[in-house]
Amino acid sequence: MARRTGRRPGNPDTREAILRAARDAFADRGYDAASIRAIAAAAGVDPALVHHYFGNKDQLFLAAMNAPLNPGELLPAVLAGDRDGIGERLARTFLGVWDSPAGTAGVALLRSALSNEWTARLLREFITTQVLRRVLEHLDVDPAELPMRGSLVASQLMGLAMVRHVVKLEPAASADPELLVAAVAPTLQRYLTAPLTV
């Protein structure tokens, strides 16, 4: 009889308990304040099991969000290149994800966030910590302006997702992505790098 090699399959109940505890912690306390140790305690497991199943906190958060893609893998391409093209690269990457099969999970999450505050808090944390923070920390702008710049960028991108994929308002819903990139990118660039004046 041949011996099986590799990692033993884990207990699906344990994995689900960790995910439930993580979703609650991230929604209640936010990404930064939620700790692996507290999540493990809420799930009734050792913190080492959280690392065993999910690796690190970022990976646990992505699993808790049921994110189809890891922004950490997509954003280096957005951030590569000159500062003046970041709005265009961000718009193109965003539309590429939302217009792909992976975007259906984002649409479901967005719909749910509209009627469920718990989901809305998770979505806020995801956008803030996994996307906006990673983009904004690469810009040479006043740190005091980062929250406002992030909110403005999110309003543009999430508004575009709503119009194109939830409300399906024509002609934006079926427009060529490059037309939308050309229309939206200058606004994103302004939010990211232009002076914010009152």
Side-chain angles (χ1 to χ4, degrees), residues 26-27 30-32 58-116 119-141 143 145-196:
F26 290 132
Y31 176 86
D32 292 329
D58 271 353
Q59 292 167 328
L60 174 61
F61 186 59
L62 291 173
M65 291 294 300
N66 198 24
L69 297 169
N70 181 349
E73 296 171 0
L74 299 172
L75 290 176
V78 171
L79 300 171
D82 69 336
R83 183 177 188 254
D84 293 336
I86 194 168
E88 180 179 335
R89 293 188 301 272
L90 181 59
R92 186 170 286 112
T93 301
F94 180 84
L95 281 166
V97 169
W98 281 78
D99 289 355
S100 76
T104 56
V107 172
L109 184 61
L110 187 55
R111 287 178 193 263
S112 179
L114 294 174
S115 60
N116 183 304
T119 306
R121 287 195 307 259
L122 279 176
L123 182 58
R124 267 194 307 274
E125 285 298 310
F126 180 78
I127 292 167
T128 302
T129 64
Q130 303 302 305
V131 180
L132 296 176
R133 180 184 293 170
R134 292 173 186 213
V135 171
L136 294 170
E137 70 186 8
H138 284 81
L139 301 178
D140 184 24
V141 294
E145 294 178 350
L146 294 180
M148 178 56 76
R149 289 180 185 275
S151 293
L152 292 170
V153 168
S155 73
Q156 188 72 36
L157 293 176
M158 299 315 292
L160 181 58
M162 281 289 296
V163 165
R164 188 163 170 86
H165 294 287
V166 178
V167 179
K168 298 184 180 181
L169 181 65
E170 293 295 352
S174 59
D176 182 282
E178 285 304 309
L179 174 68
L180 295 174
V181 168
V184 170
T187 301
L188 290 173
Q189 189 68 42
R190 182 167 48 88
Y191 290 159
L192 290 165
T193 60
L196 294 181

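Side chains included, hydrogens not; waters and symmetry mates left out as well; all remaining heavy atoms used.
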Note to self: Let me confirm one number: the CZ-CG distance from R149 to L132, rounded to the nearest 0.5 Å.
What the structure shows: 13.0 Å
Note to self: Do D32 and R133 have side chains that approach each other closer than 4.5 Å (heavy atoms only, starting at C-beta)?
What the structure shows: yes
Check: Given side chains that start at C-beta, do those of V97 and L69 come closer than 4.5 Å, heavy atoms only?
Finding: yes
Next item on the list: Could you check if a side-chain atom of M158 sits within less than 4.5 angstrom of a side-chain atom of M162, using non-hydrogen atoms only?
Entry: no
Item checked: Over all atoms of both residues, closest heavy-atom pair of P147 and P143 -> CD-O, 3.8 Å
Margin query: Show the nearest heavy-atom pair for residues A154 and I127, with the distance to one decimal.
Written below: CB-CG2, 4.2 Å
Next item on the list: Identify the heavy atoms of T119 and A113 that sit nearest to each other, and give their distance.
Entry: CG2-N, 3.8 Å
Notebook entry, point to check: Between L136 and L192, is any pair of side-chain heavy atoms under 4.5 Å apart?
Noted result: yes
Check: Quick one: are L95 and V184 in side-chain contact, heavy atoms under 4.5 Å?
Finding: no
Next item on the list: Would you mind listing every salt bridge (charged side-chain N to carboxylate O under 4.0 Å, His left out) that reaches into residues 89-115, with sequence neighbours excluded?
Entry: D82-R89, E88-R92, R92-E178, D99-R164
Check: Less than 4.5 Å apart, any side-chain heavy atom of V141 and any of L196?
Finding: no
Checklist line | Donor-acceptor contact present, side-chain S155 to main-chain L152, <3.5 Å | finding: yes
Next item on the list: Grab the two heavy atoms, one from F61 and one from L122, that are nearest each other, plus how far apart they are.
Entry: CZ-O, 4.0 Å
Check: Which pair of non-hydrogen atoms, one from D84 and one from Q189, has the smallest distance, and what is that distance?
Finding: O-OE1, 3.1 Å
Next item on the list: Indicate yes or no: at least one non-hydrogen side-chain atom of L188 is less than 4.5 angstrom from one of L157.
Entry: yes
Notebook entry, point to check: In Å, rounded to the nearest 0.5 Å, how long is the span from CZ of R134 to CG of D58?
Noted result: 5.0 Å
Checklist line | Any F126 side-chain heavy atom under 4.5 Å of L62 side chain | finding: yes
Next item on the list: Write down the atom of P71, the atom of P76, and the distance for their closest heavy-atom approach.
Entry: O-CD, 4.5 Å
Item checked: Set of residues satisfying ring-ring contact (aromatic ring centres under 6.0 Å, His included) with respect to F94, sequence neighbours excluded -> W98
